[in-house]
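Remember, predicted model here, so these are calculated numbers, not experimental data.
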Amino acid sequence: MKKIDYYNENGYVVYKNLISKTLINDFLKTYKKDFLSAKGNYPQMNTQKWGDINISSHGYLQDPIGDIHLINFINQDFGQFADKALKIICSDKIKQALSELDNKSNHSLMMSMFFDQNAGTPCHQDWYYLDSYPNGCLIAAWIALEDIDEKAGRFYVFPKSQRLFFQLEEKELNSPDYYEKKILDYIKEKNLKFSAPSLKKGDVLFWNSGTIHGSQDIINNKFSRKSITAHFIPREFQFVHNRYSNEIRNFKSFEYNNVDCRITSSIEETELSNKSRSLDTFGSQNIN
């Protein structure tokens, strides 16, 4: 089956060995040299708040980096680190895969994240937080930067869930905690089955903005799950806050390898989104 046919049918598809080991190794080397040894704080993705660099006893960053492609906007000393991330996120291989999946020539990068150790992510559809207009044309990518051991807590998707649209009450529209509980309750009620592919270094999983996904809880803290996620829309389409309001979002951007890269509010502490999960919801869902 062609990649595009599998993607359209299931809402996700895996490209094996898409990103070169050289690009990944260069990024990880710079991450260790320029970021882990640095002082100061950065935008943490879990809570959408700023915090100090927190390293575990095993040497892993505990809180995901929000919008890693903009890390040099926060601290100019991270310029090389951001460039190494962009070389992966906006690589020709990623661009070619996106064009193969949606038949669009050019794309815009809306949001990126870097995970060192898995924080656990509840089930959700991306279009609750961001989407394209026309709706449902946002494609996200989960890029494995190492061989992911299942003890690290794997990324999972629910095949064919991109067809599901949930009518939300006001409290669910305004609170991710209530929304994610609704998704989990539906999964349990319908006994939906998830897929957690075994991904190796350089593999990339692409999924649709409507596909329910998340990550399993970590089993052993000795294992990391180094990975980058990135969210793209066709450059010709508009960007919206979410599929429910369809409020058009205007944004500034810069270009990298012919990808229009959004400059998000995460670079300004005072403008961080107040629509954030509570910290204790991370890693709390049990879908097994």
Just jot down the side chain to side chain donor-acceptor pair (under 3.5 Å) partners of Asn25, sequence neighbours excluded, or say none.
-> Lys201

By side chain to side chain donor-acceptor pair (under 3.5 Å), which residues pair with His213, not counting sequence neighbours?
-> His124, Asp126, Trp207

Minimum-distance pair of heavy atoms, taken over all atoms of [X] and [Y]:
{"X": "Ala152", "Y": "Ser224", "value": "CB-O, 3.2 Å"}
{"X": "Ser209", "Y": "Gly136", "value": "OG-CA, 3.5 Å"}
{"X": "Gly11", "Y": "Thr211", "value": "O-OG1, 2.7 Å"}
{"X": "His69", "Y": "Ala82", "value": "O-CB, 4.1 Å"}
{"X": "Asn257", "Y": "Cys90", "value": "ND2-O, 2.8 Å"}
{"X": "His107", "Y": "Leu98", "value": "CE1-CB, 3.6 Å"}

Can you name the residues that form a ring pair (Phe, Tyr, Trp, His ring centres under 6.0 Å) with Tyr7, not counting sequence neighbours?
-> none

Sequence-distant partners of Tyr178, ring pair (Phe, Tyr, Trp, His ring centres under 6.0 Å), two or more places apart | none

Are the side chains of [X] and [Y] in touch, meaning some heavy atoms are under 4.5 Å apart?
{"X": "Met111", "Y": "Leu130", "result": "yes"}
{"X": "Tyr156", "Y": "Gln216", "result": "yes"}
{"X": "Phe237", "Y": "Pro134", "result": "yes"}
{"X": "Phe73", "Y": "Ile263", "result": "yes"}
{"X": "Phe206", "Y": "Ile143", "result": "no"}
{"X": "Phe232", "Y": "Asp260", "result": "no"}
{"X": "Met113", "Y": "His231", "result": "yes"}
{"X": "Leu205", "Y": "Val157", "result": "yes"}

Quick one: [atom1] on [X] to [atom2] on [Y], what's the gap to the nearest 0.5 Å?
{"X": "Arg262", "Y": "Ser253", "atom1": "CZ", "atom2": "OG", "result": "10.5 Å"}
{"X": "Ile4", "Y": "Asn103", "atom1": "CD1", "atom2": "CG", "result": "6.5 Å"}
{"X": "Gln125", "Y": "Leu138", "atom1": "CD", "atom2": "CG", "result": "12.5 Å"}
{"X": "Leu168", "Y": "Ser175", "atom1": "CG", "atom2": "OG", "result": "11.0 Å"}
{"X": "Ile183", "Y": "Ile212", "atom1": "CD1", "atom2": "CD1", "result": "5.0 Å"}
{"X": "Leu23", "Y": "Leu86", "atom1": "CG", "atom2": "CG", "result": "12.0 Å"}

Using the ring of each side chain (for Trp, its six-membered ring), is Phe35 parallel, tilted or perpendicular to Tyr31, with breaks at 30° and 60°?
-> parallel

How are the rings of Phe114 and Phe27 set to each other: parallel, tilted or perpendicular (split at 30° and 60°)?
-> perpendicular

Can a donor-acceptor pair be found, under 3.5 Å and without considering hydrogens, that links the side chain of [X] to the backbone of [Y]?
{"X": "Asn242", "Y": "Asp131", "value": "no"}
{"X": "Ser227", "Y": "Ala144", "value": "no"}
{"X": "Asp67", "Y": "Leu70", "value": "no"}
{"X": "Asn220", "Y": "Lys151", "value": "no"}
{"X": "Ser215", "Y": "Thr121", "value": "yes"}
{"X": "Gln117", "Y": "Phe223", "value": "yes"}
{"X": "Ser161", "Y": "Phe158", "value": "yes"}

When you look at Ile68 and Ile89, which way does the side-chain contact (heavy atoms from CB on, under 4.5 Å) test go after all the steps?
-> CA-CA 10 Å; Ile68 190 172; Ile89 296 169; 4.1 Å; yes

For Glu146, check salt bridge (charged side-chain N to carboxylate O under 4.0 Å, His left out) against everything at least two apart and list the hits.
-> none

Which residues satisfy the salt bridge (charged side-chain N to carboxylate O under 4.0 Å, His left out) test with Lys87, sequence neighbours excluded?
-> Asp83

What's in the same ILVMFWY side-chain cluster as Ile248, cut-off under 4.5 Å, chained through other members?
-> Tyr133, Val240

May I have all residue pairs that pass salt bridge (charged side-chain N to carboxylate O under 4.0 Å, His left out) and include part of [range], sequence neighbours excluded?
{"range": "residues 158-174", "value": "Glu9-Lys160, Glu9-Arg163, Glu172-Lys182"}
{"range": "residues 19-36", "value": "none"}
{"range": "residues 93-114", "value": "Asp92-Lys95, Lys104-Glu236"}
{"range": "residues 220-233", "value": "Asp116-Lys226"}

Result for side chain to side chain contact (heavy atoms under 4.5 Å, CB included) between Leu18 and one of Ile94, Asp203, Ile88 points to Ile94

Same cluster or not: are Ile148 and Tyr15 linked, directly or through other Ile, Leu, Val, Met, Phe, Trp or Tyr residues, by side-chain heavy atoms under 4.5 angstrom apart?
-> yes

More than 12 non-hydrogen atoms from neighbouring residues, nucleotides or ligands closer than 6.0 Å to NZ on Lys16, yes or no?
-> yes

Salt-bridge present (Lys181, Asp185; N to O < 4.0 Å) = yes

Take Leu109 and Phe254 through the side-chain contact (heavy atoms from CB on, under 4.5 Å) test and state the conclusion after the steps.
-> CA-CA 10 Å; Leu109 171 66; Phe254 64 92; over 6 Å; no

Distance only, no hydrogens: is a donor on one side chain within 3.5 Å (strictly under) of an acceptor on the other, for Asn258 and Asn106?
-> yes

Intermediate values then yes/no, ring pair (Phe, Tyr, Trp, His ring centres under 6.0 Å), Tyr244 and Phe165 | CA-CA 10 Å; Tyr244 296 90; Phe165 182 79; 5.3 Å; yes

Using a 3.5 Å cut-off and no angle test, enumerate the donor-acceptor pairs between side-chain atoms of residues 189-196 and protein atoms at least two apart in sequence or in another chain.
residue	atom	partner	partner atom	Å
Asn191	OD1	Lys193	NZ	3.3
Ser195	OG	Tyr12	OH	3.4

Audit row: Thr229, Phe115, side-chain contact (heavy atoms from CB on, under 4.5 Å) steps and yes/no = CA-CA 8 Å; Thr229 61; Phe115 297 83; 4.0 Å; yes

Report the C-alpha separation of Leu173 and Tyr179 in whole Å, then their side-chain angles, then the decisive distance to 0.1 Å, and conclude whether the side-chain contact (heavy atoms from CB on, under 4.5 Å) test is met.
-> CA-CA 7 Å; Leu173 286 169; Tyr179 161 73; over 6 Å; no

